[in-house]
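Lettering follows sequence order; numbering is per chain, from 1.
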Protein chains: 2
Amino acid sequence: MSNGNTSHEVLAVVFQVRSVAEQVKTGARKEKPQLNVLLWQRAKDPQQGAWSLPGGRLRNDEDMTTSVRRQLAEKVDLRELAHLEQLAVFSDPHRVPGNTRVIASTFLGLVPSPATPELPPDTRWHPVSALPLMAFDHGPMVTHARARLVAKMSYTNIGFALAPKEFALSALRDIYGATLGHPVDATNLQRVLVRRGVITQTGTIAQSGRSGGRPAALYHFVDSQLRVTEEFAAFRPPGQP
Amino acid sequence: MSNGNTSHEVLAVVFQVRSVAEQVKTGARKEKPQLNVLLWQRAKDPQQGAWSLPGGRLRNDEDMTTSVRRQLAEKVDLRELAHLEQLAVFSDPHRVPGNTRVIASTFLGLVPSPATPELPPDTRWHPVSALPLMAFDHGPMVTHARARLVAKMSYTNIGFALAPKEFALSALRDIYGATLGHPVDATNLQRVLVRRGVITQTGTIAQSGRSGGRPAALYHFVDSQLRVTEEFAAFRPPGQP
DNA sequence: ACAAAAGTGTTTAACCTACACCCATGT
DNA sequence: ACATGGGTGTAGGTTAAACACTTTTGT
């Protein structure tokens with residue numbers, strides 16, 4: 001065991017906030033947005049039936065980012081992937097059974113909210129609050145990715161990769177709420193993100209919903225690339241506000 | 001080129017704050033603490049004379065953390081390494097010349113300040129402010145590690161791995177200042193770290209220095225393991241102070 | 001007494017949350 | 001008119017930077 005040579009795989013934890021219709025007591029149906037991960041179900045042993053992260057072997061002539069993008073293109077429409085970043089490497093020699101050792105590099109991928117890419121039949125979105133039986137060490141990988149995402153929501157503009165191009169603040173509030181796992185106040189969200197220069201109004205206005213209500217101003221993210229917006233929590237250089 | 005199989009190396013960016021004697025105009029010599037990286041000089045081509053990060057090939061039966069610790073034991077006394085964490089993977093197929101492709105996983109290592117481990121003759125500490133010619137892609141690796149360290153100084157207790165067991169606040173101020181790259185106010189440093197529960201007084205008191213002055217209270221870090229002390233920059237759960 | 005170093009107190013400025021209140025639209 | 005959702009105003013709390021001031025030691 002583990003005598004052969006070593007190979008390298010890339011695995012992506014791809015998140016999207018998706019609205020799930022939900023029955024309420026009153027009979028009225030309500031949309032409840034939740035954070036979801038993209039998983040596919042293993043058809044063969046080992047671990048047949050367990051759910052895996054998308055990814056696969058790294059080719060000899062590609063770097064890892066290229067590899068992840070290539071492999072995801074088979075599962076998700078590539079253009080929908082708004083952000084991709086490295087997470088950790090898992091290098092336990094026995095993390096997967098078999099003759100050749102497999103080192104895994106994990107990635108965090110984000111898909112904007114309204115997109116609904118075509119999925120192969122063995123592939124499905126799963127709410128992170130109710131994960132199925134996961135293959136190998138893929139469970140901890142999801143946990144790790146989620147922690148990273150939650151942290152970055154606070155001090156970067158990473159929300160751009162989860163939100164549509166244009167959105168009302170209530171929609172953004174739902175996305176932040178689903179990602180962070182707790183309710184978020186739209187009022188304060190607006191003020192924080194505007195002050196930081198993360199979002200601005202487009203000038204256009206959404207038409208008001210089916211049940212009336214004031215029409216919402218539309219916003220969009222200023223950058224579509226990751227940017228740190230709150231650099232120093234403490235101990236910033238002197239003179240710097 | 002790059003047709004053979006692929007191998008994996010681990011590379012460590014090991015930092016320590018070291019005091020360098022410095023001549024001042026007045027003739028008085030002054031200790032100036034600076035952040036240093038551990039590097040060794042290549043004796044052979046490729047890139048003979050350039051400076052490299054310590055590390056080397058990953059063995060078949062060890063995971064990466066084990067490998068880094070083992071390889072560093074040859075350069076630095078292992079017990080002196082107070083913290084070690086994964087950074088990024090560098091996977092450009094042509095990042096190093098040669099027949100076999102080499103993927104590099106980088107690590108951040110920290111050595112507490114007063115320690116002076118024995119070094120092999122080709123190995124030396126270099127101030128990060130004046131790095132020599134670096135081999136391959138090792139330059140960006142140092143930059144990346146440093147950025148990570150600076151960020152973590154603000155929202156974690158990572159300073160424990162750079163400071164001695166017991167220290168006066170002025171000493172800690174120097175360590176923080178050297179690491180962050182700008183002067184730090186000892187007063188505020190104390191208040192921030194005490195409020196967060198990162199450091200506490202030991203009860204003992206240092207004897208005052210050669211030129212008089214009030215003797216300093218000694219402090220120590222509460223934990224000797226990485227802990228996040230400022231979890232949410234914004235968007236914390238409702239009701240949480 | 002005086003210098004040097006350590007520690008305390010106070011002011012000011014951000015930043016963020018919470019919540020009450022006002023505004024615009026559809027039925 | 002009224003319900004519904006969007007937006008503004010404002011008060012309060014927490015955090016940290018800046019800096020003047022006091023305390024404790026050695027010469």
Original post:
Going by atom types alone, do Tyr219(A) and Gln190(A) pair a side-chain donor with an acceptor below 3.5 Å?
Top reply: yes

**OP:** Mind checking Ala217(A) for me? I need base, sugar-phosphate or nothing, with any heavy atom below 4.0 Å counting as a touch.
**Re:** sugar-phosphate

Original post:
Between dA18(C), dC16(C), dG6(D), which one does the side chain of Ser170(A) approach most closely?
Top reply: dG6(D)

Original post:
When the nearest nucleotide of DNA chain C is assigned to Pro238(B) and to Ala171(B) on a heavy-atom basis, which residue is associated with the more 5' position?
Top reply: Ala171(B)

Original post:
For Glu230(B) and Ser154(B), does a side-chain donor sit closer than 3.5 Å to a side-chain acceptor?
Top reply: no

Original post:
Which residues satisfy the side-chain contact (heavy atoms from CB on, under 4.5 Å) test with Ala186(A), sequence neighbours excluded?
Top reply: Arg173(A)

Subject >> Out of dT17(C), dT23(D), dA24(C), whichever nucleotide has its closest atom nearest the side chain of Arg214(B) >> reply: dT23(D)

Subject >> DNA chain D contacts among residues 180-196 of chain A, heavy-atom distance under 4.0 Å >> reply: Thr187(A), Arg191(A)

Original post:
Which whole-number value in Å describes the distance from Glu231(B) CD to dC16(C) P?
Top reply: 17 Å

**OP:** For Ala161(B), enumerate each residue passing the side-chain contact (heavy atoms from CB on, under 4.5 Å) test, keeping only those at least two apart in sequence or located in another chain.
**Re:** Ala82(B), His83(B), Leu110(B)

Original post:
With no hydrogens and no angle check, is any side-chain donor or acceptor of Thr202(A) less than 3.5 Å from a backbone partner on Leu218(A)?
Top reply: yes

**OP:** Nearest-nucleotide wise, let me know which of Glu230(A) and Gln201(B) is further upstream toward the 5' end of DNA chain C.
**Re:** Gln201(B)

Original post:
Under 3.5 Å, is there a donor-acceptor pair linking the side chains of Gln34(B) and Ser129(B)?
Top reply: yes

